[in-house]
Amino acid sequence: MTDFITDKLSKALDELENYHTINGEFWNYSQLKAEELLPADDWRLQEILKFRKKVSEEK
């Protein structure tokens, strides 16, 4: 299986985690999807969507 977790995806996920935590605790919006938190042209969202597409193609 191809390695889907790229350095860029890992960084995007790390930044997204920091985006919705305060002092390590999740805040109220932590249940939102990346699409609801980030603008459509945000590089982090683009990396997450590319990952989801790769995974769905493997099924």
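Computed from a predicted structure; not experimentally measured.
In terms of heavy-atom proximity, A40 sits nearest to L45 at CA-CD2, 3.8 Å.
Of the candidates K50, E47, Q46, E47 is the only one forming a side-chain contact (heavy atoms from CB on, under 4.5 Å) with K8.
Going from atom CG of L49 over to atom NZ of K54 covers 12.5 Å, rounded to the nearest 0.5 Å.
Residues satisfying the side chain to side chain donor-acceptor pair (under 3.5 Å) criterion with E35, sequence neighbours excluded, are R52.
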Exercise for the section: Please test T6 against F51 for side-chain contact (heavy atoms from CB on, under 4.5 Å), starting from the C-alpha separation and ending with a verdict. Expected result: CA-CA 9 Å; T6 64; F51 169 76; over 6 Å; no
